[in-house]
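Some notes on the structure that comes next.
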Amino acid sequence: MKRLRKAEAEDAPLKEAAAASALEDDLEEGAAAAAEPEEAPEVAGAGAGALEARADAAELAAVHGGAGTDPIEDSDEEGAAAPPQAIAAPRKAKGKAMAAPKPAKVKATGLAAGQKKAAAAKGKGRAAAGSPAPAAVKDELLIEGVAGGQASEDEGSPDAGDAAEGEEAGVSAAKAKPLKKAILTYPGDKAPAVKVEGVGTGAVAAAALHEDFNLDALATWAPGKPVPFAFLAATFEEISSESKRHAITRLLTNAIRAILATTPGDLLPAIYLCVNQVAPSHAGTELGIGDAILVKALAEATGRARDKVQHEYSESGDLGVVAFNARATQRTMFPLPPLMVASVFSTFREIARTEGTKSQEKKIKLITKLLVASKGIEPGYIMRALQGKLRIGLAEQTVLAALAQAVLLERGSKSESSNRDGSLAGRLQAAEQAVKLAYSQCPSYDLLLPALLAHPIMEVNEHVAFQPGVPVKPMLAKATTGITEVLDKFAGTDFTVEYKYDGERAQVHVLEDGRVAIYSRNSEDNTKKYPDIAASVPRLLQPGVRSVVLDCEAVAFDREEGKILPFQVLSTRARKDVKVADIKVQVCLFAFDCLYLDGRVLLQRPLTERRSALYSAVSEQPGELLFATAKTSADVEELGLFLNESVAAGTEGLIVKTLDSTYEPSRRSAHWLKLKKDYLEGVGDTFDVAVIGAWLGKGKRTGGYGSFLLAVYEPGEEELQTISKIGTGFSEEQLVQLSEQLKALVIPAPKPYYRYGETLVPDVWFDAKVVWEVKAADLSISPVHRAAAGLVDPTKGISIRFPRLVRVRDDKAAEDATSAEQVAEMYRKQVSTRTYKEVAEDY
DNA sequence: GTGCATCGATTTC
DNA sequence: GTCGGACGGATTCGG
DNA sequence: CCGAATCCGTCCGACGAAATCGATGCAC
C-alpha cells in the first residue's frame, strides 16, 4: 500500500504530497491523532494519552511480534544496516554555523565564545590562553538568563530576531543576584540539600534557569497543531552557537517541553531528527544517502550545475552552508506550505525505504522536494540531517539528557511533585540517569518515549528494561598507556585480564523459544550474517539452559590449524543473507561475558558472577565457541608476559577488568581498560613517512587541510610509494602550523616518482620535503596504497591500520623515510604463523 | 538485455 | 578504530 | 579556609583502512 501512496505523493503538488505522506505510516497517524483539534490539550495530558495508546501497541507488538520488532516499522522491512549516528558541531566554526550571525546572537553567545571566535579567526595558536574562566562563567550566567525569550525570536523568520540589547542587559542584571544565590543554596529546597553526586554548581545554576521557560514565547503553533520544522531548525541553529553542555541541553529541553505541551505526538519524529536516526539501529533501516547524491539533489533543487555545488562544498566544507546560501539566492514563484517536523521525518523514512532500480532518482526527487519547500535556515539542516551530521554539538547523550529533563519538568509537577526528595538539579540529574540507563538497555525511542510519557520518569526503568531479543549497548573499554597505569587505576581492587580478540563484537541472544539473534557493536542485527553461529550456539548450551545472552568477539578462525586469523580475513565474509553452505571464512566466538541467563538479568551483577554464569551456560567447542583466555594477576612482570603472549596468539592485547564491576552498557567505563602494545610509548610499529599530498578539510577543519597523503621510500627505483592517509594525532594548533609549512611546498602535479592509487588523488600535491613519524596498530594488504608493492603481494601494496601522527621528523628527508623493504618485513613478521598450542607451550 | 566494472554508501575495526 | 578540544565536576594546591 | 589550578570523565566530531552490497554506467 505504501507503493500506491508513494506514487501519489510523487505527482501531487507539495501540499498534498506532504499531507499524503503525513498519513503514511502509523507514526504519522499517531501524530495526526494527537494533532486533532483537541482544543488546547491540558499540557501533556492529551498527547500523553495518544502516546500511551501507542505504548500499549508497542508493547503488544514487542511481545507478539517477537525479537526486536519495531512496532513503528513497516512489517515488510528486513534487517540491515543502521543510520548514521554521529552529529557534530564545530566549536570555533560556530560563528559561521549556518546563517549569517545575528547581532543578538553574537551577544548572547557570550563573552568567552566571542573571544574564542575572534582568536580563532585571526590568530592560529594560543586561542584559549587568555580569558580567565571565572569571569567568563559569570557573564555567561548573566546572559543565559534571557535564553528563553531569545529562542522565540528565531522562529518565524530567521532574520527577524534582534531584541533590544539594552533590555536584555537589564533583565540579566536583575537576574544576576538570585542566580548567584541559587548556586550557593540549592533553590527550592526546604531541607538542606543532600549533596547529590554528579551535581555541580553548574548543574544547579542551569536547573534554576528552567524557571524562565516560557511556552508562549517558544511555540508559534497552536496546541495540537503540527510542529513546524522551522522550530526545530531554529533550535538547532541556536544550539550551534553554544558550546556549553548545560546551555545546549537546556535549549533542547525547552524545545522538547514546547512540543510536549502542545503536540506531543510530534515528539517521536522530533527526537529522531535530533539524534539523526530514521529507526532504531536493530531495525536496519538506512537512508542510503551520501554526499554525492545530496550534491546532485541540491544542484537540481537550485537549478545549478553539479560541479559548482561540489566545488562550493569543497570550499566551505559544509553542505548545509552550501544549501543555505543557494536557497537564499533563489526565488520561489509562489509561497509553499511550511515544512513540518512530522512530514520531514516521514519523508526521511520514505527515502530510507526507497530501493531498487531508479531508487537514487526517486530519492533525489524526495530530497529536492524537501529543499524546495524549505526556507531560511531549513535547507541547511535538511542537508546536514541527510548527511547524518548535524554538527551542532548535539548528539545522542545530550538528547537523552534533554529528553529526561523536559519530561520531568513538563510532566513531573503533576505526578511527581509529591516525592520531591532533592533539589531540582538533583532530580534532573536522577531523571537523566534513569533515561540514559533505560535507553542503553533498550535502545529504541519507539519503546522509550511512550513509556516515558505513560509512567513517572523515575519508574522508566521498570517499563523499559533489558529483554532478550533487544540488544544492549555493549560495554566499552578505556585506552591506557601501560601496565603501570593499569595498576595505578586498579590499585586496591581485584581485577582480571583477558585477551582482546581482533574480530567483531557479537552479542548473542538465545531466546526461550530457541530463536537466536546476534547483534553488532552498534546494535545492528547480524543474525543473517552469522547463520553458522546461530545454528551452533544452541547446541552448546549446557543442559537445562533455556535462554542466555552472551557478549563475545567473533573472530575468523582456521579450524584445521586451530589458529586465529587476522581481522582482514573476517571482513571478507559476506554480510547479507548468508547461506551456511557458502561460508568461506569460519568464525569462532570468544565469549567473555554473560548478561542474562534463564530469566535472570545479570547486568547489575559483578563480573565474577557473570563469568561463572557464562561458564555454566555454555560449553566450549574448539572452532565454534571458546571462552576468552583470562588470567588473574596483579604482578607487573606477569602482566607484561601475558601481554606479549596475547600478541603472539594473534590478539590485539589485553582487556583488564575489575572483578566486582557491573556491566555498564555503552559506557567506556573505567572498569574495563584496554592495554594494547601500540599504546605504549616507544612500543608498536612506527614509520617515518614523507608527506606528499593533502585533502581540504570539512566541518571544523574547513579552510585548511583535513588529511594528508603519506609515502615510504623505495631506494631501488627511487620511488615514494603511498602507504596511508592520516588525519589525527595533531592538535588543532599543530595542524594549522603544519598546513602553513606544507602550503609552501605545493606543486601543481605529482612528481614522476610518486606511486599512488588512481582513486586516491589528493586535492594538492606537495614536494616531498616533510617527514613525519607515524604510529599504527597493524599492517594490511591494500587495494589502493602502493607501499612495498610486489614484495608481499604480487601487485598490491601495503597500508597501515589506525594511523596517527607521533611527531615531526625535522631531522629527516624523504630519502630517510622507512623503506619499502622494511614495510614488507614488518608485514611478514606480524602474520601469525603459530598455533595456539605452540603459543601456550611457550608460556 | 546481460555481464562486468565502477562508484557510492554503509559498516566493521 | 585514534585523537584532541571543550566542559563540568571533583580533587588538590597555595596563599 | 577559600579560591585557583589541576586532573579526570564525558561528549562530540575531525579523521584512518578496507570490506561488502546495491545502483548505475558501459561494452557487447
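Each chain gets a letter, A, B and so on, in the order the sequences are listed, and its residues count up from 1.
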Phosphate OP1/OP2 of dT10(D): any Lys244(A) side-chain N/O under 4.0 Å: no

Sugar-phosphate, base or nothing in reach of Arg575(A), heavy atoms under 4.0 Å: base

Below 4.0 Å: OP1/OP2 of dT12(B) and any side-chain N or O of Arg573(A): no

side-chain N/O His785(A) vs dG16(D) OP1/OP2, d < 4.0 Å: no

Sugar-phosphate, base or nothing in reach of Ile800(A), heavy atoms under 4.0 Å: sugar-phosphate

Atom-to-atom span, CG of Leu779(A) to C1' of dG1(C) - whole angstrom: 16 Å

Closest-nucleotide ordering on DNA chain C, the 5'-leading residue of Phe730(A) and Lys500(A): Lys500(A)

Lys478(A), nearest nucleotide to its side chain (from dC13(B), dA18(D), dG9(D)): dG9(D)

Side-chain N or O of Ser707(A) closer than 4.0 Å to phosphate OP1/OP2 of dG16(D): yes

Among dG9(C), dT20(D), dA17(D), the nucleotide that comes nearest once only the side chain of His246(A) is considered: dG9(C)

Phosphate contact (dT2(C) OP1 or OP2) by Lys676(A) side-chain N/O below 4.0 Å: yes

Sugar-phosphate, base or nothing in reach of Lys296(A), heavy atoms under 4.0 Å: nothing

